[in-house]
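Note that the structure is a prediction, hence the values are computed from the model and not measured.
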Amino acid sequence: LSEHTLVLVERNIGPKERPAVERFVRFLWSEQAQRIFVAHGFRSVDERWNANNPSFGRIEEPFFISDFGGWERARREIVDGVWKGRVLKQAPAR
């Protein structure tokens, strides 16, 4: 189970950009965006749309980062070791 959040870095948003950033944030939570996420293999925050992707299984026992020894260890062993070190190297170039 991987739940990501949206973070706005205030110092990087100027007054002129603020309206566009706020519209984009609203869009990300919209039904349209959630359907797009599901169509591209990402789970929606709204379970109703997840049924539209038959490859999604049901997560019976979600796990937590503490199950992997914390973020430092998980980043080193899983993100860098498995994902970057093995999966991305085998992925076909786009």
Show me, pair by pair, the donor-acceptor contacts under 3.5 angstrom made by side chains of residues 69-76, not counting sequence neighbours?
| from | atom 1 | to | atom 2 | distance (Å) |
| --- | --- | --- | --- | --- |
| Arg73 | NE | Glu77 | OE1 | 3.3 |
| Arg73 | NE | Glu77 | OE2 | 3.0 |

#### Entry: Residues clustering with Val79 (ILVMFWY side chains joined when closer than 4.5 Å, directly or via others)
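Joined to Val79, directly or through intermediates: none.
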
Compile the donor-acceptor pairs under 3.5 Å between side chains in residues 7-18 and protein atoms, sequence neighbours left out, one pair per line.
| from | atom 1 | to | atom 2 | distance (Å) |
| --- | --- | --- | --- | --- |
| Glu10 | OE1 | Arg18 | NH2 | 2.4 |
| Glu17 | OE1 | Gly14 | N | 2.9 |

Would a single hydrophobic cluster contain both [Y] and [X], if residues Ile, Leu, Val, Met, Phe, Trp and Tyr are joined by side-chain heavy-atom contacts under 4.5 Å?
X	Y	value
Trp29	Val21	yes
Val45	Phe42	yes
Ile65	Trp83	no

### Partner residues of Phe27 under the side chain to side chain contact (heavy atoms under 4.5 Å, CB included) criterion, sequence neighbours left out
Phe24, Ser30, Gln32, Ala33, Ile36

### Message
Could you work out, with side chain to side chain contact (heavy atoms under 4.5 Å, CB included) as the rule, every residue matching Asn53, not counting sequence neighbours?
### Response
Val38, Ser55, Phe56

Once you round to the nearest 0.5 Å, how far does [atom1] of [X] lie from [atom2] of [Y]?
X	Y	atom1	atom2	answer
Asp46	Arg35	CG	CZ	9.5 Å
Arg43	Gln34	CZ	CD	13.0 Å
Phe63	Phe68	CZ	CZ	4.0 Å

### Query
Taking only residues two or more places apart in sequence or in another chain, which ones pass side chain to side chain donor-acceptor pair (under 3.5 Å) with Asn52?
none

